[in-house]
Peer 1: 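Pasting in a structure now, in structure tokens, and then I'll have a few things to ask.
Only this structure's heavy atoms are used, side chains among them; waters, hydrogens and symmetry mates stay out. We count ligands from 1, going down the list as the structure has it; atoms in each ligand are counted the same way. Nothing here was measured: the structure is a model prediction, and the numbers come from that model.
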Amino acid sequence: MISNIDHIAIAVRDLDNALERFKALTGAADEQIRIEEVPSEKVRVAFIQVGSSKIELLEPLGTNSPIAKFLEKRGEGLHHIALETQDIETEIARTAKEDLLPLSEPSLGAGKKKIVFFNPKDTGRVLVEFVQKIKD
Ligand code: CO
């Protein structure tokens, strides 16, 4: 089951600058904000907790980052929407029956979560992510 919009991600050129603006916009306190580097995805991210969802700001780490390529092609803006599930494998099996296949096997993303992405061609040209928290 999809239980929540986990986060909405925005690609930005300058994370610190964007974070200041989104802090001003949301009124988020410092304890609602988490900044993290994800070398496997070549990004630096900031998560701003907004109710039960988050806004994720994505800054490229280096010119060969997928986010650098996105910014080059499309400029700053909406990058993906992440839907939360408690069981990513079951959800992938469910969507496969609807001819919606993820772009790869689940991998470990920011915040030590299992993630997969779907082809934006299938989803209104918006990249969609499934995310599952890993219990520790
Ligand atoms: Co994400």
Side-chain angles (χ1 to χ4, degrees):
M1 189 180 85
I2 299 296
S3 51
N4 190 34
I5 295 176
D6 186 77
H7 60 270
I8 292 172
I10 299 167
V12 300
R13 293 184 202 283
D14 180 338
L15 187 73
D16 297 321
N17 186 271
L19 184 56
E20 282 313 308
R21 287 170 177 271
F22 274 86
K23 267 170 83 171
L25 188 69
T26 59
D30 285 342
E31 52 269 28
Q32 287 169 262
I33 293 162
R34 184 165 52 83
I35 298 174
E36 189 182 336
E37 277 191 18
V38 190
S40 61
E41 312 264 325
K42 299 193 180 78
V43 287
R44 193 161 75 103
V45 303
F47 284 102
I48 306 161
Q49 192 73 43
V50 182
S52 63
S53 302
K54 292 169 276 296
I55 294 171
E56 176 183 28
L57 303 172
L58 286 164
E59 176 192 66
L61 277 179
T63 49
N64 62 347
S65 162
I67 297 304
K69 290 180 185 114
F70 178 93
L71 288 169
E72 208 175 283
K73 237 167 102 181
R74 296 174 61 170
E76 292 188 312
L78 178 67
H79 184 265
H80 66 268
I81 295 174
L83 303 176
E84 186 178 12
T85 174
Q86 266 39 266
D87 184 350
I88 203 164
E89 310 292 348
T90 298
E91 288 310 297
I92 292 167
R94 183 183 59 76
T95 58
K97 287 183 199 148
E98 312 285 345
D99 286 328
L100 291 164
L101 296 171
L103 292 167
S104 65
E105 293 290 310
S107 62
L108 218 54
K112 295 215 172 72
K113 291 173 174 188
K114 250 186 186 180
I115 60 169
V116 285
F117 289 97
F118 288 84
N119 194 327
K121 284 181 188 152
D122 294 329
T123 49
R125 295 191 144 273
V126 175
L127 184 62
V128 175
E129 174 184 10
F130 279 2
V131 53
Q132 179 189 347
K133 278 184 201 129
I134 300 191
K135 295 188 181 79
D136 40 21

Peer 1: Would you mind listing the cluster partners of Leu101? Hydrophobic ones only (ILVMFWY), side-chain contacts under 4.5 Å, chaining allowed.
Peer 2: none
Peer 1: Centroid separation under 6.0 Å, is that true for the rings of Phe130 and Phe118?
Peer 2: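 Yes - the distance between ring centres of Phe118 and Phe130 falls below the 6.0 Å cut-off.
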Peer 1: For Glu84 and Ile5, indicate whether the former's side chain and the latter's backbone hold a donor-acceptor pair under 3.5 Å.
Peer 2: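 Not at all, since once roles are kept as given, no pair shorter than 3.5 Å links the two residues.
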Peer 1: Is the closest basic N to carboxylate O distance between Glu72 and Lys69 below 4.0 Å?
Peer 2: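 No salt bridge links Glu72 with Lys69.
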Peer 1: Under 2.8 Å from the Co ion (ligand 1), which protein N, O or S atoms do you find? Ignore water molecules.
Peer 2: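 Near the Co ion (ligand 1), below 2.8 Å, one finds His7 NE2, Glu56 OE1, His80 NE2, Glu129 OE1.
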Peer 1: So does Arg44 pair up with Asp16, basic N to acidic O under 4.0 Å?
Peer 2: yes
Peer 1: May I have the step-by-step check of salt bridge (charged side-chain N to carboxylate O under 4.0 Å, His left out) for Asp6 and Lys133, ending in yes or no?
Peer 2: CA-CA 10 Å; Asp6 186 77; Lys133 278 184 201 129; 5.2 Å; no
